[in-house]
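Below: one structure, written as C-alpha cells.
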Amino acid sequence: MSGSIVILISGSGSNMQAIIDTVDAGEISGHISAVISNRPDAFGLERAQAAGIHTEVLDHTEFKSREIFDLNLIRKIDDFEPDLVILAGFMRILTPDFVRRYSGRMINIHPSLLPKYQGLHTHKRAIEAGDKEHGASVHFVTEELDGGPVFIQASVPVKESDTPEALAKRVLTQEHKIFPIAVKWFMEGRVQLENGIPHMDGVSLEGRVPRLHAEPSEE
Ligand code: GAR
C-alpha cells in the first residue's frame with residue numbers, strides 16, 4: 001500500500017492541482033487520501049472533487065479558539081493516517097501542538113526565496129526592495145511562521161516593469177514545478193528532516209538547497 005497524503009488548502013488550490021496531476025501521472029509513490037479546506041468556498045474543493053478525491057471542510061469561523069480548531073483538524077487529518085501533510089495555500093497560523101504532531105512530515109510552499117519575506121505580500125516587498133530575483137520555497141513546517149528548513153527553491157528574475165500580480169503569476173508557475181518534486185522526494189524517502197536539518201539521500205542540504213531557475217520562456 002502506497003503512502004497516504006493529506007492536503008490542506010484555503011483557496012484556489014492550483015498547487016494542489018499540480019500535485020494531483022503528478023500523482024495521477026504515476027510519478028509520486030503515494031495517494032491523496034483527503035483534501036481539507038478551512039474555507040467552505042475554496043475553489044480547490046471543486047478541483048479535488050473533479051479529480052475524485054475525498055474532501056472535507058472544517059470552517060475555522062465555527063470554532064471558539066485557534067487551539068480548538070487545530071485539535072479538531074488533527075482529528076480529521078489523523079482519520080487518514082497521513083505519511084505526509086501538505087499545506088498548499090493553507091492560510092492559517094498553526095498552534096505549536098499542531099506543528100509538533102506532524103513534525104518532519106508536514107511541508108509548506110511559500111512564495112519567496114526564504115528566509116526573505118516571511119508572511120504576506122511577498123511579491124510587492126521583493127519589488128519594493130529592488131530585488132533582482134524572487135521565487136518560491138518548499139520547507140518543513142516548524143513553529144516559526146514560514147521559517148522552517150527549506151529543501152527546494154525556484155527563482156525568477158524580477159523585471160523593471162513588474163507589478164506584484166505579474167511577478168506572482170510567474171512565481172506561481174515555478175511553484176507548480178517545485179512542489180510536486182518536493183512531494184515526490186519526500187514520498188520516496190529521499191528527503192528527510194534530521195535534527196532539524198533537511199537531508200537529501202542522506203546528505204545535509206544546509207547551505208546547498210537545490211534551486212530551479214525559470215526557463216527563458218517563463219521569465
Ligand atoms: C501560493 O502562491 C502559495 O505559495 C501561497 O498561497 C498561494 C496559494 O495558491 N502560500 C502562502 O503564502 C503561505 N504562506 P494556490 O491555492 O493556487 O495553490
Would you say [X] has more than 12 foreign heavy atoms packed within less than 6.0 Å of its [atom1]?
X	atom1	result
E81	CD	no
Q118	CD	yes
H121	NE2	no

key: Partner of M16 by side chain to side chain contact (heavy atoms under 4.5 Å, CB included), out of L45, D21, I7   =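 One option only clears the test, and that one is I7.
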Partner of L8 by side chain to side chain contact (heavy atoms under 4.5 Å, CB included), out of L58, I86, L73 = L73
Classify the angle between the aromatic ring planes of [X] and [Y] as parallel (below 30°), tilted (30 to 60°) or perpendicular (above 60°).
X	Y	result
H60	F69	perpendicular
H123	H134	perpendicular
W185	F151	tilted

Taking [X] for the side chain and [Y] for the main chain, is one N or O donor matched with an acceptor at less than 3.5 Å?
X	Y	value
D83	S4	yes
Q153	L114	yes
S137	S112	yes
R105	P82	yes
S10	M91	yes

request  = Taking only Lys NZ, Arg NE, NH1 and NH2, and the carboxylate oxygens of Asp or Glu, determine whether E143 and R100 approach each other closer than 4.0 Å.
outcome  =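 Salt bridge: yes.
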query = Ion pair present between K76 and D79, side-chain N to carboxylate O less than 4.0 angstrom?
reply =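 No, K76 and D79 are not salt-bridged.
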query = Sequence neighbours excluded, which residues qualify as side chain to side chain contact (heavy atoms under 4.5 Å, CB included) partners of L172?
reply =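 Counting only residues at least two positions away or on another chain, L172 forms a side chain to side chain contact (heavy atoms under 4.5 Å, CB included) with S14, N15, E175, H176.
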inquiry  = I want to check something: taking the side chain as every heavy atom from C-beta on, are R66 and R92 in contact at a cut-off of under 4.5 Å?
reply    =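 Answer yes - side chains close enough.
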